[in-house]
There are 2 protein chains.
Amino acid sequence: MRERPRAATIADVAAHAGVSQASVSRVLNGKQSVDPTIVHRVQASIAALGYSPSVAARSLVHGRNDTIAMVVPDLENPLFQGILKGLSLAAASDGYRVMVADTAERVEDEEATAVEARHRCDALVLCAPRMPEQRLRRLVAALAPVVVVNRSLPDADVPIVGIDYVRGIRDLVDHLRGLGHRHLAYVSGPASSASNGERLRGVAEVEAAYPDLRIDVIPGGSRLEDGYAVAEPVLAASEAGATAVIAFNDLVAFGLLTRLRRLGVDVPGALSVAGFDDVPMAEYATPSLTSMSVPRIEIGGQVWARLRTLIAGGPIQHTVLYRPRLEARDSTGPVR
Amino acid sequence: MRERPRAATIADVAAHAGVSQASVSRVLNGKQSVDPTIVHRVQASIAALGYSPSVAARSLVHGRNDTIAMVVPDLENPLFQGILKGLSLAAASDGYRVMVADTAERVEDEEATAVEARHRCDALVLCAPRMPEQRLRRLVAALAPVVVVNRSLPDADVPIVGIDYVRGIRDLVDHLRGLGHRHLAYVSGPASSASNGERLRGVAEVEAAYPDLRIDVIPGGSRLEDGYAVAEPVLAASEAGATAVIAFNDLVAFGLLTRLRRLGVDVPGALSVAGFDDVPMAEYATPSLTSMSVPRIEIGGQVWARLRTLIAGGPIQHTVLYRPRLEARDSTGPVR
DNA sequence: CTGTTAGCGCCTTCAG
DNA sequence: CTGAAGGCGCTAACAG
């Protein structure tokens, strides 16, 4: 293996240009005014030596490295992927980069991963953390600046960007009620997921609000296979009178739709099906899937806005919840 | 805003424990043996002060920061998402973190982004770079250690992990030939995509190999909408005698399938449709989509293996190409 | 086995 | 406007 030549340092540039390191530093970050002659000479030397400042040294001096970390339970989740995309683009426009840490759904690793990631970066985004509330509170306090995504944490000193699942469920149920449905089923997500809890809260609230409404809860999951596997209990609910199903998310709805179709169940004729998240594929399902749309990319941007404020020493901004928007499509129809 | 207290340094620990910084450093990275008494005392002080070493200072001394960067054209592409997942998990198991940089498909930004990202990290993964070959060659030489994904670069001193699209196309065509198809259509991807070029090469090769075979190329794209939009030219090809279509990837195939269904075209009765990548959803399409499967996560792991070798000063390992595996499903059937 | 010393590359007072 | 000098926090010789 050939050895790579040692990279040029600011000292090399200074020597080459016949000036002091301080001057080089000055032209580099243009904080003070410098004699045009020197500026020119230094720039020439920089070009000649192919010099570029060491980020490590800068980090040491400044105490920051223009990098933020995002901790997620699963990088394969379309919601988190969208948020990552939005976050990384927004951060990049301010010269920040994003480091990712996937905890592979291991709740017990979340804290250590977050601590380690934060230690390498200037700030942290905690995405849908699964850990217990008290632990989370301590953690966000210890690791500030932090922004929490998709997890409520009442009265905590941390900005939160989330999705109003309670409201989303209610709006979706209203849509179904409008179509005449009075007996529904909800296929729930993973028990550890806070956002599933919110949806369940929405279910409970709406059930309480409408005395003539009944919603059966069926244990499900968060993936395609889970939706596929849950078809039998769903059909049982249907036998028992349910005329519409709300799935934890679009993936589950897809799996369910597929299985129902293979079983010859008419959707939405015999049973209406709705999902959550409005993944791009929803429009392309058979039948096209009614879903609650969530602005994934924009959420990423909003997270960055809050984190940037925090990094700059600004105030902890208010919690913001995005209200999912109904995308009514063909998988939901009037009750027969 | 309350000020955060300055973090403890190794000097604080040394003072607290009544030993030298060197001793603290020694117990920290256990390189040399230290008197058990001191070890104990230092550990107590570390715990008492809540000390944790500064990564910036370490980076400066060691000249590395245990971070690698991955540059991708689009974080929303399922293939890259899978590779990122696999890469980040594999790297994490060796104590490395991954930083992402999304060029948002802007070829003109690729080089600058790669240079900047590399400057912050110890190594680089270039995912399906779109830039011209000569420029890419210079870049990988300048930014080593680098691993290139999904882009061929003959005789370059860089490990490459890719997908054998040529072979994949051939195997897929063989599957269709076996079903009796002799006149096909290929819906192509973005012109700037190297992997589209490979697929086209596969198309050309297989056409040359089978004199009785004809493959029409139809300009398409890489997304759901592109597949939806390309239905008309596909049907025109069908009128002209084509009995099967190969789409650039599964997203395009999905879009196409959806449009065809809405137009009342019988798949696979009137027309067989196949995709590429085998995204999880493929199995759940209507009809389930025949596709060529690619081990996204594993590719990420393989990329890390190569990069790790390089970082450790090892040799530039050979190019490895994954051969896509046929997943024959219901969207392809015998020609009538 | 331990402490002292000199950097790693850069920025930032402080004089001049 | 410029240069010299000290320090950011840590590690790696080098003596003791």
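Heavy atoms only: backbone and side chains are in, while hydrogens, waters and symmetry mates are out. Every value quoted in this text rests on a predicted model; they were computed, and no experiment measured them. Note on naming: letters A, B, ... go to the chains in the order of the sequence lines (proteins, then strands), and numbering restarts at 1 for each one.
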Margin query: Please determine whether a side-chain nitrogen or oxygen atom of B:Ser20 lies at a distance below 4.0 Å from atom OP1 or OP2 of C:dT2.
Written below: no
Next item on the list: Starting from C1' on C:dT13, measure out to CD on A:Gln21 and report it in whole angstrom.
Entry: 15 Å
Notebook entry, point to check: Can you tell me how far P of C:dG9 sits from CD1 of A:Ile10, to the nearest Å?
Noted result: 11 Å
Item checked: Closest listed nucleotide, where the reference is the side chain of B:Arg58 and the choices are C:dC11, D:dT11, D:dT2 -> D:dT11
Check: Checking all strands, does B:Ser54 fall into the base, sugar-phosphate, or nothing category for heavy-atom contacts under 4.0 angstrom?
Finding: sugar-phosphate
Checklist line | A:Arg64 CZ to D:dG9 C1', straight-line distance once rounded to whole Å | finding: 18 Å
Notebook entry, point to check: Would one find a side-chain N or O of A:Arg26 under 4.0 angstrom from OP1 or OP2 of D:dT2?
Noted result: no
Note to self: Whole angstroms only, please: what is the CG-P distance between B:Leu60 and D:dG9?
What the structure shows: 12 Å
Next item on the list: Look at all strands and tell whether A:Val19 reaches a base, only sugar-phosphate, or nothing, counting heavy atoms closer than 4.0 Å.
Entry: sugar-phosphate
Next item on the list: Using only heavy-atom distances, determine whether the side chains of A:Gln302 and A:Arg306 contain a donor-acceptor pair under 3.5 Å.
Entry: yes
Notebook entry, point to check: Roughly how many Å is it from NE2 in A:His62 to P in D:dC8, rounded to a whole number?
Noted result: 15 Å
Checklist line | Nucleotide of D:dC8, D:dC10, C:dC14 approaching A:Val61 most closely (side-chain heavy atoms) | finding: D:dC8
Margin query: Contact between A:Phe80 and A:Leu75 at the side-chain level, heavy atoms closer than 4.5 Å - yes or no?
Written below: no
